[in-house]
Every structure is written in C-alpha cells, then in structure tokens.
Amino acid sequence: MIKTYRHSVLVIVLLLVCSICTFTQSFFKELKNPYKKSSTTSSVLPISIGVLSVVYLLNPIIEYTEKKIYAGFTKEISVGWGKLGEHRTAIEYSLILGGNVRHYLRLSYKYDFLLADDIKPSHMLQGTGVFSAGGGYFTDFKGKGVFPEFTFGYSIRNHKLLFYPHIKLRHTFMLTEGKSDITDFSFGIMLGIANPFIDVEIRRKY
C-alpha cells in the first residue's frame with residue numbers, strides 16, 4: 001500500500017514537470033511567432049496554465065533521508081529588502097508523504113545574485129536569471145537542524161513584488177541526536193513581496 005502511494009506521488013510530480021516543460025516551450029513559441037495560430041498550442045496552454053497554478057500553490061519536493069526517497073509538497077513565503085529585494089528572509093512549510101506524514105518548518109535568509117546588469121529599481125516588472133544562496137534553521141517539531149541552500153531560476157520583479165519560478169537544492173544537517181541528515185530537491189513558483197515598510201526612491205519610471 002505504501003509503495004503504491006509513493007509511486008502515485010512520483011507520477012504526479014513527473015506530470016507536473018512535463019506540464020511545466022510543455023508550457024515553457026509553447027510560451028516561447030508564441031513569443032517567436034505571436035501571429036501564427038496553432039491548434040495544438042491553443043489546446044495545451046489552458047491545461048498547462050491550470051497545472052502551473054497548482055504548482056504555485058503546492059510546489060513538489062523530493063527528499064533523500066535514511067537511505068530512502070520521499071515526495072511531498074512545500075511552500076515558501078518570502079520578504080525582500082533593498083532596492084530590488086535581493087536580501088530575502090523566508091519561511092517555508094513542507095509536507096512529506098510516505099509512511100508517517102511529516103511536517104517541516106524552515107526559517108532562512110538568502111541573497112539573490114541577479115544575472116542581468118541593467119536591472120534597476122523600477123515601477124515596472126523586469127525579468128532576469130537569478131542564482132540564490134542562503135541558509136537557515138530547520139525543525140520537524142521533534143528535532144532541529146541547519147541547512148545551506150542553492151536556488152536557480154528566472155525572477156520577474158520590481159521594487160515591491162517578486163515572481164520567481166525556480167529549482168532548489170538543499171542539505172539539512174540535523175543537530176538532534178539520532179536524526180538523519182536530509183537532502184531535498186524542489187521546484188515551482190514562489191511569490192514574494194519586497195520592502196513592505198520602506199518606499200524605495202525611484203527617479204524615473206521604466
């Protein structure tokens with residue numbers, strides 16, 4: 001029963017990955033030739049958008065611990081600081097399925113290295129590739145640990161809003177005796193805010 005359940009979760013994750021790839025391919029085809037209509041693209045896009053909405057709400061996560069692989073869902077909420085919100089504090093909740101259901105909570109700090117040189121504070125949304133590095137505190141409510149994490153994705157942001165499709169790799173070093181370390185991989189879409197109590201000075205609008 002447990003094996004069947006795990007297999008079902010992994011199949012769902014694979015379907016989500018395929019949907020994201022299909023959506024991305026269709027999206028860039030539309031950008032290259034916006035005037036050419038395709039019946040295949042028209043039928044696939046609504047489904048892909050629906051799946052992406054689910055991915056935003058529940059980002060898939062796969063973890064390796066105690067020589068076993070588990071799957072689940074995770075969600076991060078981020079608050080950025082600075083002119084472009086590059087300094088971010090975040091809270092993330094994860095639900096791990098398989099055997100006993102486990103609940104994780106992470107508090108972290110991370111910094112976004114923007115891969116485009118011409119990104120400046122603006123009222124308009126701007127897109128750029130991003131590499132993020134950070135670390136933080138972990139608890140599963142029975143033990144605690146610390147972790148580094150690395151994230152790569154494409155952010156769409158201004159001085160107040162962050163929309164961040166990404167993939168994330170992380171390793172948690174458990175500090176509680178008898179608890180095994182955890183390595184996890186997740187992907188999805190993160191939505192964050194920036195400078196909630198600060199008005200960034202912008203001299204011109206883009």
Side-chain angles (χ1 to χ4, degrees), residues 10 12-14 16-21 23-24 27-28 51-65 69-96 102-121 125-140 144-174 181-196:
L10 289 175
I12 292 173
V13 171
L14 289 174
L16 290 172
V17 173
C18 291
S19 297
I20 291 175
C21 293
F23 174 81
T24 303
F27 177 74
F28 282 107
V51 172
L52 280 177
S53 300
V54 175
V55 173
Y56 165 69
L57 294 174
L58 299 171
N59 294 345
I61 182 172
I62 299 173
E63 75 163 39
Y64 176 79
T65 182
I69 297 176
Y70 299 94
F73 300 97
T74 189
K75 190 60 193 172
E76 174 185 329
I77 299 175
S78 172
V79 179
W81 308 93
K83 291 183 177 181
L84 290 166
E86 306 99 320
H87 300 272
R88 293 193 290 118
T89 54
I91 182 170
E92 181 176 346
Y93 168 75
S94 303
L95 175 67
I96 305 300
R102 284 167 288 175
H103 306 271
Y104 297 162
L105 188 66
R106 289 182 170 90
L107 302 174
S108 62
Y109 164 81
K110 54 201 75 182
Y111 183 82
D112 294 338
F113 296 91
L114 306 183
L115 302 182
D117 297 329
D118 57 347
I119 302 295
K120 298 179 181 179
L125 293 172
Q126 303 173 83
T128 176
V130 177
F131 173 76
S132 305
Y137 170 82
F138 165 92
T139 179
D140 62 357
K144 61 183 179 180
V146 294
F147 62 89
E149 69 173 42
F150 301 96
T151 308
F152 179 76
Y154 187 86
S155 79
I156 302 171
R157 65 176 70 203
N158 61 14
H159 66 302
K160 289 293 184 182
L161 181 66
L162 172 64
F163 181 76
Y164 191 7
H166 65 278
I167 56 175
K168 182 190 301 178
L169 180 64
R170 176 170 50 202
H171 184 82
T172 302
F173 299 94
M174 295 302 297
D181 290 355
I182 302 169
T183 300
D184 66 86
F185 169 81
S186 62
F187 64 93
I189 303 172
M190 189 275 292
L191 182 64
I193 60 173
N195 302 310

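No hydrogens, no waters, no symmetry mates; every other heavy atom, side chains included, goes into these values. This chain uses plain numbering: 1 for the first residue, then up along the sequence.
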Original post:
CG/Asp140 to CG/Leu105 distance, rounded to the nearest 0.5 angstrom?
Top reply: 10.5 Å
**OP:** Give me the ring orientation class for Phe150 and Phe131: parallel if the planes are under 30° apart, tilted from 30 to 60°, perpendicular past 60°.
**Re:** parallel
Original post:
How far apart are the closest heavy atoms of Gly80 and Arg88, and which atoms are they?
Top reply: CA-CG, 3.8 Å
Subject >> Neighbour count above 12 (heavy atom, 6.0 Å) for Ile77 CD1 >> reply: no
Subject >> Any Trp81 side-chain heavy atom under 4.5 Å of Pro196 side chain >> reply: yes
**OP:** Check Ala133 against Phe113 and note the closest heavy-atom contact, atom names and distance.
**Re:** CB-CE1, 4.3 Å
Subject >> Exercise: identify the closest heavy-atom pair between Thr128 and Leu115 >> reply: OG1-N, 3.5 Å
Subject >> Salt-bridge contact Arg106-Glu149 (side-chain N to carboxylate O under 4.0 Å) >> reply: no
Subject >> Greater than 12 external heavy atoms within 6.0 Å of Lys160's NZ >> reply: yes
Original post:
So Gln126 and Ile119, side-chain contact (heavy atoms from CB on, under 4.5 Å) or not? Walk me through it.
Top reply: CA-CA 7 Å; Gln126 303 173 83; Ile119 302 295; 3.9 Å; yes
Subject >> Heavy-atom closest pair, residues Met190 and Ser78 >> reply: SD-CB, 3.6 Å
**OP:** Output yes when a side-chain donor or acceptor of Asp112 lies under 3.5 Å from a complementary backbone atom of Val130, and no otherwise.
**Re:** no
**OP:** Supply the atom-to-atom distance Glu92 CD to Thr74 OG1, rounded to the nearest 0.5 angstrom.
**Re:** 3.5 Å
**OP:** Report the C-alpha separation of Glu63 and Thr172 in whole Å, then their side-chain angles, then the decisive distance to 0.1 Å, and conclude whether the side-chain contact (heavy atoms from CB on, under 4.5 Å) test is met.
**Re:** CA-CA 10 Å; Glu63 75 163 39; Thr172 302; over 6 Å; no
Original post:
Of the options Tyr70, Phe173, Phe147, Tyr104, which is the one that meets Ile182 in a side-chain contact (heavy atoms from CB on, under 4.5 Å)?
Top reply: Tyr104
Original post:
What is the distance from atom OH of Tyr111 to atom OG of Ser132, rounded to the nearest 0.5 Å?
Top reply: 10.0 Å
**OP:** Report the C-alpha distance between Tyr164 and Thr151 in whole Å, list the side-chain angles of each, state the deciding distance to 0.1 Å, and finish with yes or no for side-chain hydrogen bond (donor to acceptor under 3.5 Å, both in side chains).
**Re:** CA-CA 10 Å; Tyr164 191 7; Thr151 308; 5.3 Å; no
**OP:** Taking all heavy atoms of Glu86 and all of Lys83, pick out the closest pair and write down the distance.
**Re:** OE1-N, 3.9 Å
Original post:
Sub-3.5 Å donor-acceptor pair from the side chain of Thr65 to the main-chain atoms of Asp181, do we have one?
Top reply: yes
Original post:
What are the two closest non-hydrogen atoms of Asn59 and Phe187, and how far apart are they?
Top reply: CB-O, 3.3 Å
Original post:
For the atom pair OH (Tyr93) and NE2 (His103), what is the distance rounded to the nearest 0.5 Å?
Top reply: 4.5 Å
Original post:
Say you draw a straight line from CD of Glu76 to CD1 of Ile61; how long is it, rounded to the nearest 0.5 Å?
Top reply: 11.0 Å
**OP:** Start with the C-alpha distance between Leu161 and Leu191, add both sets of side-chain angles, then the distance that settles side-chain contact (heavy atoms from CB on, under 4.5 Å), and finish with yes or no.
**Re:** CA-CA 8 Å; Leu161 181 66; Leu191 182 64; 3.7 Å; yes
Original post:
How long is the gap from OG1 on Thr183 to CD1 on Ile62, to the nearest 0.5 Å?
Top reply: 13.0 Å
